[in-house]
2 protein chains.
Amino acid sequence: MAAPGHASKAVFVPVEMRPSQALRLWHDVSLGLVRDEDRDLTARQVTILLTVYLEPPPHTVRGLAAKLGVTKPAITRALDTLGAVKLLDRRRDDDDRRNVIILRTVEGALYVEKLGDLIVARAKDLPR
Amino acid sequence: MAAPGHASKAVFVPVEMRPSQALRLWHDVSLGLVRDEDRDLTARQVTILLTVYLEPPPHTVRGLAAKLGVTKPAITRALDTLGAVKLLDRRRDDDDRRNVIILRTVEGALYVEKLGDLIVARAKDLPR
DNA sequence: GCCTATCATTCCGCTTCCGAAATGATGGCC
DNA sequence: GGCCATCATTTCGGAAGCGGAATGATAGGC
């Protein structure tokens with residue numbers, strides 16, 4: 001059986017799914033997030049979080065605002081929230097002190113890792 | 001099970017992905033949602049919406065509250081919002097008039113379908 | 001040194017969401 | 001019919017998000 005789960009060999013699998021599977025996956029993961037967290041992140045917050053953890057640094061408020069298509073205050077507020085729960089950190093850029101560099105944290109990395117595992121697990125359980 | 005995708009002979013479509021792909025997918029879809037909608041749905045709202053469209057009726061406030069692990073007022077409020085944008089509707093249950101049955105709408109079905117297509121498209125574009 | 005452009009943040013009024021408690025309507029049992 | 005259980009909703013005070021405008025800090029051209 002070619003169930004490659006943790007298999008040591010790299011599994012190059014094209015990720016294909018039917019719309020019904022996609023929706024079921026989105027539902028199952030969203031439900032997991034809603035259920036196990038008191039306070040859940042907004043779509044913006046999760047997008048910012050994943051951007052910072054998936055794309056190469058440096059990340060700035062301005063860059064994120066442009067990417068998400070929202071205003072800079074919206075980014076600042078989201079960073080306030082994400083910073084308060086330690087999922088992200090930020091620091092002045094020493095090269096250009098007008099900039100603020102958004103930084104990853106250990107807690108944030110763990111959260112993102114957990115989310116990735118959750119999605120993978122739910123994807124695995126999808127009906128074919 | 002005629003999987004109506006493009007893949008003619010893809011009967012077995014195991015949805016497997018690596019955590020990095022899963023996170024990239026979640027990011028890409030979230031970004032799409034953040035970018036193209038002024039007003040975006042909360043995790044609760046999207047979970048309710050998908051539950052109603054994916055799982056067999058009837059759906060009640062109480063049932064949804066239990067499933068999501070939140071209070072009934074939270075469900076009522078989410079239904080107010082989703083109803084205002086026509087993604088869901090609700091009606092008194094004539095058999096037991098204490099109950100409220102949550103109903104699908106044409107607009108909601110279109111929205112859900114669009115979401116499914118978005119996820120599938122983003123999944124297809126994932127790096128392998 | 002000034003002036004202006006460019007950062008991020010704070011302020012403003014407004015809307016939305018939250019949980020808990022109170023309310024209103026209905027059903028079921030005796 | 002009376003009483004209690006069970007629905008969903010409304011109310012309440014508080015927290016958080018929003019866009020737009022104003023503010024403060026820094027950089028760079030001159």
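Chain letters run A, B, ... following the sequence lines, proteins first, then strands; residues in each count from 1.
- Applying the side-chain hydrogen bond (donor to acceptor under 3.5 Å, both in side chains) test to residues at least two apart or on different chains, the pairs with a partner in residues 109-122 of chain A are A/Glu37-A/Tyr111.
- Judged by distance alone, the side chain of B/Arg35 and the main-chain N or O of A/Lys67 form a donor-acceptor pair under 3.5 Å.
- Between A/Thr81 and the phosphate of D/dG17, there is a side-chain N or O to OP1/OP2 separation shorter than 4.0 Å.
- Between the NZ atom of B/Lys72 and the P atom of C/dT23 there is a distance of 16 Å, given to the nearest Å.
- Within the 3.5 Å criterion, the main-chain N or O of A/Val34 finds no donor-acceptor partner in the side chain of B/Arg44.
- At the phosphate of C/dA8, neither OP1 nor OP2 sits under 4.0 Å from any side-chain N or O atom of A/Arg90.
- Side-chain contact between B/Thr81 and B/Thr42: absent, with no pair of heavy atoms (C-beta onward) separated by less than 4.5 Å.
- When the P atom of D/dA25 is taken as reference, atom CZ of A/Arg91 falls 21 Å away, rounded to whole Å.
- One atom, CG of A/Asn99, and another, C1' of D/dG24, lie 15 Å apart when rounded to the nearest Å.
- In the set D/dG19, D/dA8, C/dA8, D/dG19 carries the atom at the smallest distance from any side-chain atom of A/Thr71.
- As rounded to whole Å, 15 Å separates atom C1' of D/dT9 from atom CZ of B/Arg62.
- Annotation: side chain of B/Ile102 is not in contact with side chain of B/Leu82 (no heavy-atom distance under 4.5 Å).
- The closest donor-acceptor contact from the side chain of A/Gln21 to the backbone of A/Pro127 lies under 3.5 Å.
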Polar atom pairs between nucleotides 10-14 of chain D and protein, under 3.5 Å, N or O only, would you list them?
none

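- Between A/Leu103 atom CG and C/dA8 atom P there is a gap of 13 Å when expressed in whole angstrom units.
- Between B/Leu33 and A/Thr47, the closest side-chain pair of non-hydrogen atoms is not below 4.5 Å.
- Atom CD1 in A/Ile101 sits about 12 Å away from atom P in C/dC7, given to the nearest Å.
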Protein-to-nucleotide contact annotation, 5' to 3' order, nucleotides 25-30 of chain C [B base; S sugar-phosphate only; - none; under 4.0 Å, heavy atom]: -BS---
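- A close approach under 4.0 Å does not occur between any side-chain nitrogen or oxygen of A/Gln45 and OP1 or OP2 of D/dA16.
- For CZ of A/Arg62, the number of neighbouring non-hydrogen atoms (other residues, nucleotides, ligands) closer than 6.0 Å is 12 at most.
- Separating the CG atom of A/Leu41 from the C1' atom of D/dA16 is a distance of 13 Å, rounded to the nearest angstrom.
- The backbone N or O of A/Arg92 sits nowhere less than 3.5 Å from a side-chain atom of A/Arg97 that would complete a donor-acceptor pair.
- Spacing between atom CD1 of B/Ile102 and atom P of D/dC7 amounts to 13 Å, rounded to whole angstrom units.
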